[in-house]
Amino acid sequence: MENKLELYIVRHGETEWNKEGRLQGWLDSNLTKMGIEQVMRLKGQLQDISFDAAFSSPSKRAYDTAEILVGHYLTIEKDARLQEIHLGSWQGKRIAEIQNDDAERYEEYCCYPERYTPDTGESFQQVIQRMDEFVQFCARKLSSGKILVVSHGVAIRALILSILRLPIQHIWDFEIEGASVTKIIVTKENRMIEYIGKVF
């Protein structure tokens with residue numbers, strides 16, 4: 001039987017800034033009470049899976065999510081490639097404020113992502129590249145087994161585009177809710193997506 005590596009890619013639970021309608025990017029806010037409940041519910045659903053390794057974005061919201069899920073038996077490695085897209089001057093601002101101050105670029109970000117150009121942040125393509133590099137790293141590290149990975153909404157969508165070989169305009173086609181799981185299978189021959197944004 002062919003060796004396969006299973007990656008369970010989790011988006012962190014709901015945060016204070018998610019609730020307030022603020023963009024986080026590389027900035028951070030704490031998990032809300034609901035966010036913690038989402039992750040605890042997911043922990044119950046994943047309890048029968050014995051993970052061989054765990055990786056998290058360095059962001060506290062992601063690391064705290066990983067700690068709740070597997071911190072009782074695994075050391076979680078932080079990996080900067082798993083960070084959310086860097087949103088430049090938008091980080092920490094309310095969406096309503098951005099829509100008012102930078103309407104054209106925000107419309108491109110949401111409706112025409114292939115046209116979006118960051119100011120001091122990252123492009124979608126840069127996020128796709130680093131997420132792809134992370135999966136290659138995992139495949140080199142383990143040829144088989146199960147890995148828990150905690151990341152962010154745009155970063156997970158970027159990885160989906162990479163695996164499905166879709167252009168950037170499709171980045172918002174996928175629903176990636178808080179504490180949802182996207183499962184990826186990596187074999188020597190290829191990479192496949194088993195499911196996207198599953199909420200338990």
Side-chain angles (χ1 to χ4, degrees), residues 1-15 18 24 31-32 34-85 127-166 171 173-200:
M1 187 177 140
E2 187 180 22
N3 281 347
K4 67 174 182 178
L5 183 62
E6 299 174 57
L7 300 180
Y8 292 76
I9 320 279
V10 174
R11 184 186 175 194
H12 60 81
E14 183 196 65
T15 68
N18 289 154
Q24 294 177 117
L31 296 176
T32 61
M34 189 180 101
I36 292 167
E37 287 170 0
Q38 288 173 328
V39 180
M40 289 300 296
R41 192 160 55 244
L42 177 59
K43 180 180 181 177
Q45 294 297 322
L46 299 180
Q47 65 183 353
D48 294 335
I49 300 171
S50 180
F51 290 102
D52 301 291
F55 294 90
S56 169
S57 154
S59 296
K60 186 176 184 295
R61 62 191 184 273
Y63 190 81
D64 287 353
T65 297
E67 271 287 331
I68 293 169
L69 293 173
V70 296
H72 55 295
Y73 74 95
L74 276 180
T75 299
I76 298 147
E77 293 184 50
K78 293 180 181 178
D79 194 306
R81 289 171 292 198
L82 297 172
Q83 288 186 121
E84 184 56 294
I85 186 171
V127 183
I128 289 169
Q129 187 174 337
R130 60 176 165 82
M131 291 297 286
D132 186 62
E133 284 171 2
F134 173 77
V135 172
Q136 291 178 41
F137 158 78
C138 288
R140 288 194 302 271
K141 192 177 175 77
L142 278 175
S143 60
S144 64
K146 295 176 173 65
I147 300 180
L148 178 80
V149 179
V150 183
S151 187
H152 306 267
V154 175
I156 294 167
R157 289 178 176 96
L159 180 56
I160 292 166
L161 291 191
S162 169
I163 292 171
L164 296 180
R165 296 184 175 90
L166 290 173
I171 197 154
D173 289 3
F174 311 99
E175 191 64 45
I176 308 293
E177 294 180 23
S180 65
V181 185
T182 297
K183 186 178 177 186
I184 293 167
I185 307 292
V186 182
T187 67
K188 193 175 180 182
E189 300 303 321
N190 61 7
R191 299 185 298 176
M192 302 161 282
I193 297 177
E194 190 166 310
Y195 50 78
I196 292 173
K198 186 173 179 180
V199 177
F200 291 91

Between the main-chain N or O of His12 and the side-chain N or O of Arg61, is there a donor-acceptor pair closer than 3.5 Å? no
Residue pair Val70 / Ala54: nearest heavy atoms and the distance that separates them: CG2-CB, 3.7 Å
Inter-residue atom distance Ile185.CD1 - Leu7.CG, 0.5 Å rounding: 8.0 Å
About how many Å separate CD of Gln136 and NZ of Lys141, when rounded to the nearest 0.5 Å? 15.5 Å
Can you tell me if Glu84 and Ser59 form a side-chain donor-acceptor pair at under 3.5 Å? no
For Lys146, does its backbone N or O pair with a side-chain atom of Asp52 as donor and acceptor, under 3.5 Å? yes
Measure the CD-CG distance between Gln47 and Leu42 for me, rounded to the nearest 0.5 Å. 11.0 Å
Please report the shortest heavy-atom distance between Arg81 and Glu133, naming the atom on each side. NH1-O, 3.9 Å
Going by an N to O cut-off under 4.0 Å, is there a salt bridge joining Lys183 and Glu6? yes
pair Thr187-Met192: side-chain heavy atoms closer than 4.5 Å: yes
Mind checking whether Phe174 and Ile156 have side chains closer than 4.5 Å, heavy atoms only? no
Search all heavy atoms of Phe55 against all heavy atoms of Ile147 and return the closest pair with its distance. CD1-CG2, 3.6 Å
Polar side-chain atom of Asp132 near backbone of Gln129 as donor-acceptor pair, under 3.5 Å: no
When you look at CE of Met40, are more than 12 heavy atoms from neighbouring residues, nucleotides or ligands closer to it than 6.0 Å? no
Report yes if the side chains of Pro58 and Gln83 come closer than 4.5 Å at any heavy-atom pair, otherwise no. yes
Separation between CG of Leu166 and CD1 of Ile160, rounded to the nearest 0.5 Å: 9.5 Å
Is the closest side-chain heavy-atom distance between Phe134 and Leu159 below 4.5 Å? no
Considering all heavy atoms of both residues, which atom of Val39 and which atom of Ala179 are nearest to each other, and what is their separation? N-CB, 4.2 Å
Checking Thr182 side chain against Gly197 main chain: does a donor-acceptor pair fall under 3.5 Å? yes
What one should report as the nearest heavy-atom pair of Ala66 and Val150 is CB-CG2, 3.7 Å
How long is the gap from CD1 on Ile85 to CD on Gln24, to the nearest 0.5 Å? 14.0 Å
I need the Ile196 CD1 to Ile9 CD1 distance, nearest 0.5 Å. 11.5 Å
Short side-chain to backbone donor-acceptor contact, Ser151 and Leu82, under 3.5 Å: yes
So does Ile184 get a backbone contact from the side chain of Arg191, meaning a donor-acceptor N/O pair under 3.5 Å? no
Less than 6.0 angstrom from the centroid, inside 45 degrees of the normal: does Lys78 satisfy that with respect to the ring of Tyr63? yes
Phe51, Tyr195, Phe200 screened by ring-ring contact (aromatic ring centres under 6.0 Å, His included) with Tyr8, the one that passes: Phe51
Is there a side-chain contact between Ser162 and Met131, using heavy atoms and a 4.5 Å cut-off? no
Scanning both residues in full, the closest heavy-atom pair of Lys43 with Ile68 reads CD-O, 3.2 Å
Should Cys138 and Val186 count as side-chain neighbours, where that means a heavy-atom distance under 4.5 Å? no
